> 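Take this structure first; my questions come after.
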Number of protein chains: 2
Amino acid sequence: MAEIQSLAKGLKILNLLEHSRNGMGTTEIAKQLSIDKSSASRLLHTLANYGFVEQDEHSTRYLLGPQLLTLGQHLLNRITLRDHARPYLHELVDKTGECAHLAIQAQRQALYIDQVESTAALRVESEIGTLSPLHCTALGKVMLAFGGCPMHDELRPFTHRTVTDPSTLDAQLSQTVNRGYAIDDEEYNYGVRCVAAPVYDHRAVLVGAIGISGPAGRVTLERIDDFGNVVKETAYALSARLGFDARLQLTRTANE
Amino acid sequence: MAEIQSLAKGLKILNLLEHSRNGMGTTEIAKQLSIDKSSASRLLHTLANYGFVEQDEHSTRYLLGPQLLTLGQHLLNRITLRDHARPYLHELVDKTGECAHLAIQAQRQALYIDQVESTAALRVESEIGTLSPLHCTALGKVMLAFGGCPMHDELRPFTHRTVTDPSTLDAQLSQTVNRGYAIDDEEYNYGVRCVAAPVYDHRAVLVGAIGISGPAGRVTLERIDDFGNVVKETAYALSARLGFDARLQLTRTANE
DNA sequence: GGTATATGTTGCCAAAAATACAACACTGTT
DNA sequence: AACAGTGTTGTATTTTTGGCAACATATACC
């Protein structure tokens with residue numbers, strides 16, 4: 001496949017500048033990319049003409065420019081969580097063979113807003129648009145554990161495994177935070193186990209959760225941690241797609 | 001000044017894609033930029049390789065890519081002004097009930113870098129990342145009046161109230177300096193009035209502006225001076241937070 | 001269903017643009 | 001004052017790019 005090399009060089013410069021705290025000089029950039037100073041200089045001028053980089057006040061070091069903000073923000077406004085999440089739900093189905101779901105928090109419950117069915121699965125009715133309780137579903141527990149919103153409602157039982165004791169639930173939630181994914185072990189529906197992980201946006205705010213659910217016969221307790229890690233990684237990739245930067249979360253939680 | 005033309009073409013493609021709702025095809029892009037289909041195709045492939053654009057699922061139309069989000073977000077992280085300003089924007093919303101904005105000067109325009117919406121407000125699309133002209137917005141007039149950077153561009157009209165006469169604008173700017181805040185009286189958008197005031201840093205250098213904007217029905221001409229004083233005081237408090245000392249400014253202006 | 005129109009991608013060679021090298025201007029340092 | 005470092009500009013050479021065409025694929029129209 002043909003690549004326009006000078007365009008590629010310009011884009012490489014932008015990627016380089018991303019990782020430098022205080023900008024970079026022409027010579028420094030040229031060395032990193034193994035190109036001549038003069039080429040770097042001209043590439044930088046072009047990038048600057050279009051606002052993709054800008055020079056520091058002393059007209060020496062180059063920084064990322066405001067045009068990137070403009071374009072990036074534009075992107076955010078037009079793409080909804082659901083559109084973004086869909087390919088990742090498919091990825092989950094491909095990797096686990098189970099049904100995948102996307103939910104957001106609404107009305108102190110988990111609102112299912114998308115679903116991708118596994119090909120081999122029995123035909124189940126779509127759960128999109130349904131609300132589920134937070135304390136006994138994997139998607140709901142993610143919101144409790146990572147959303148910072150405590151559970152005040154009564155812990156209504158749905159199966160004999162449903163956790164109804166607040167302190168037991170608290171223990172489960174901190175465990176959830178530690179391992180990065182939540183588990184529902186037949187706590188809402190008999191014979192169904194679920195795993196879910198958090199999705200963050202560009203402000204490091206929890207915006208939803210994705211997860212899988214399947215029959216206890218296939219989603220066994222032996223395999224559930226493997227599933228959990230797959231879900232966790234996929235959710236992380238989706239978050240990155242939404243502009244989430246793990247470092248942001250660190251500073252945010254540090255402030256709280 | 002030398003420009004790397006193929007890089008420029010790639011950047012132009014990104015700018016084109018910003019203004020298209022559902023992406024654009026190779027041929028369409030080629031026509032807009034008066035280049036050959038084949039060139040457009042190769043440029044797009046290069047942009048796609050680096051994540052600056054991506055193809056729609058049907059492998060046809062091109063959209064802006066996630067890398068722009070990553071880079072744009074990175075840029076935001078750099079700007080500590082934004083972090084400092086946030087509580088003051090909330091304060092403005094609390095005191096006035098209107099939307100509050102923070103902007104900096106970039107490319108001879110006002111770059112919106114943060115926004116806090118009033119609770120009662122209709123849900124408006126975020127303006128973060130957008131560039132606005134200086135001569136007909138309150139935030140922009142602040143930069144002209146207090147930034148010491150004269151206006152040389154043409155005064156393009158946006159509404160019938162937009163000031164297009166240089167000497168009228170000059171009079172407005174000195175009035176702005178005297179009272180300490182700038183007003184936009186439906187000069188950019190019909191039905192919207194804005195008020196803004198300058199933010200200085202520890203060196204007494206203008207670093208940005210904060211302000212509010214709201215429907216002319218609520219931000220009336222009778223109340224606008226009250227709003228102006230609130231904005232001015234809040235901006236002053238933020239400046240103090242950034243280490244600004246009013247005495248510094250006096251010595252600075254005396255030296256010039 | 002079959003033809004016609006439009007779109008996206010790939011080879012090839014001439015033509016044009018980017019590069020390397022050097023020279024130059026400028027800054028801060030020893 | 002000489003020096004080392006940086007950033008920019010001129011010019012010839014060489015590489016890359018871009019136009020043209022063919023090809024493959026998708027979409028519209030009888």
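Since we're looking at a predicted model, the values are computed, not measured. Excluded from the calculations below are hydrogen atoms, water molecules and symmetry mates; all remaining heavy atoms, backbone and side chain alike, are included.
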> So do A/E233 and A/Y181 actually touch side chain to side chain, heavy atoms under 4.5 Å?
no
> Assign a letter to each nucleotide of nucleotides 22-30 of chain C from its 5' end: B, base within under 4.0 Å of a protein heavy atom; S, sugar-phosphate only; -, no contact.
---------
> Would you say B/K9 places a side-chain N or O within less than 4.0 Å of OP1 or OP2 belonging to D/dT17?
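Checking D/dT17 against B/K9, no side-chain N or O comes under 4.0 Å of OP1 or OP2.
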> What's the CE-C1' distance between A/M24 and D/dG5, to the nearest Å?
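Atom CE in A/M24 sits about 16 Å away from atom C1' in D/dG5.
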> Taking only N and O in the side chain of B/S39, is any of them less than 4.0 Å away from OP1 or OP2 of D/dG19?
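So the side chain of B/S39 is within the cut-off, an N or O lying under 4.0 Å from OP1 or OP2 of D/dG19.
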> Could you tell me whether the phosphate oxygens of D/dG7, OP1 or OP2, come under 4.0 Å of any side-chain nitrogen or oxygen in A/T27?
yes
> Assess, by modelled atom type and distance only, whether the side chains of A/T26 and A/S41 contain a donor and an acceptor separated by less than 3.5 Å.
no
> Return the 5'-most residue of the pair B/L43, A/K31 with respect to DNA chain D, ranking by each residue's nearest nucleotide.
A/K31
> For B/E3, does its backbone N or O pair with a side-chain atom of A/R42 as donor and acceptor, under 3.5 Å?
no
> Quick check: on DNA chain D, is the nucleotide nearest B/S6 upstream (toward 5') of the one nearest A/S41, or the reverse? Name the residue that is more 5'.
A/S41
> Round to the nearest Å and state the distance from B/Q5 atom CD to D/dT17 atom P.
12 Å
> Taking the side chain of B/Y62 as heavy atoms from C-beta outward, which of C/dT9, D/dG18, C/dT19 is closest to it?
C/dT9
> Please check: side-chain N/O of B/T168 versus main-chain N/O of B/T164, any donor-acceptor pairing under 3.5 Å?
no
> May I have the distance from B/I4 (atom CD1) to D/dT9 (atom C1'), rounded to whole angstrom?
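Distance check: B/I4 CD1 to D/dT9 C1' gives 13 Å.
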> Hey, is A/R241 close enough to B/E54 for a salt bridge, meaning N to O under 4.0 Å?
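Yes, A/R241 and B/E54 are salt-bridged.
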> Between A/E98 and A/R218, is there a side-chain N and carboxylate O pair less than 4.0 Å apart?
yes
> Assign each of B/E28 and B/R42 to its nearest nucleotide of DNA chain C by heavy atoms, then name whichever residue's nucleotide is nearer the 5' end.
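Whichever sits nearer the 5' end wins; that is B/E28.
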> Would you mind reading off the distance between B/L44 atom CG and C/dT10 atom P, rounded to a whole angstrom?
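So the two atoms are 12 Å apart, to the nearest Å.
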> When the axes are fitted on five pairs at both termini, how much does the helix from C/dG1-D/dC30 to C/dT30-D/dA1 curve, in 10° steps?
40°
> Between B/L7 (CG) and D/dT17 (C1'), how many Å, whole number?
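One finds 14 Å between C1' of D/dT17 and CG of B/L7, rounded.
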> Under a 4.0 Å N-O cut-off, is there an ion pair linking B/K141 with B/E187?
yes
> Between B/Q55 and C/dT7, does any side-chain N or O lie under 4.0 Å from OP1 or OP2?
no
> Report the distance from atom CZ of A/R61 to atom P of D/dT8, rounded to the nearest whole Å.
13 Å
> Can you measure B/I29 atom CD1 to C/dT7 atom P for me and round it to whole angstrom units?
12 Å
> Quickly work out the B/H45 NE2 to D/dT17 P distance and round it to whole Å.
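Nearest whole value for this atom pair: 15 Å.
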> With a 3.5 Å distance limit and no angle check, can you tell me whether B/S6 reaches the backbone of A/S6 through a side-chain donor-acceptor pair?
no
> B/H135: what forms a ring-ring contact (aromatic ring centres under 6.0 Å, His included) with it, not counting sequence neighbours?
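B/H135 satisfies ring-ring contact (aromatic ring centres under 6.0 Å, His included) with no other residue.
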> For the side chain of B/S239 and the backbone of B/A235, is there at least one donor-acceptor N/O pair under 3.5 Å apart?
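Yes: the side chain of B/S239 pairs with the backbone of B/A235.
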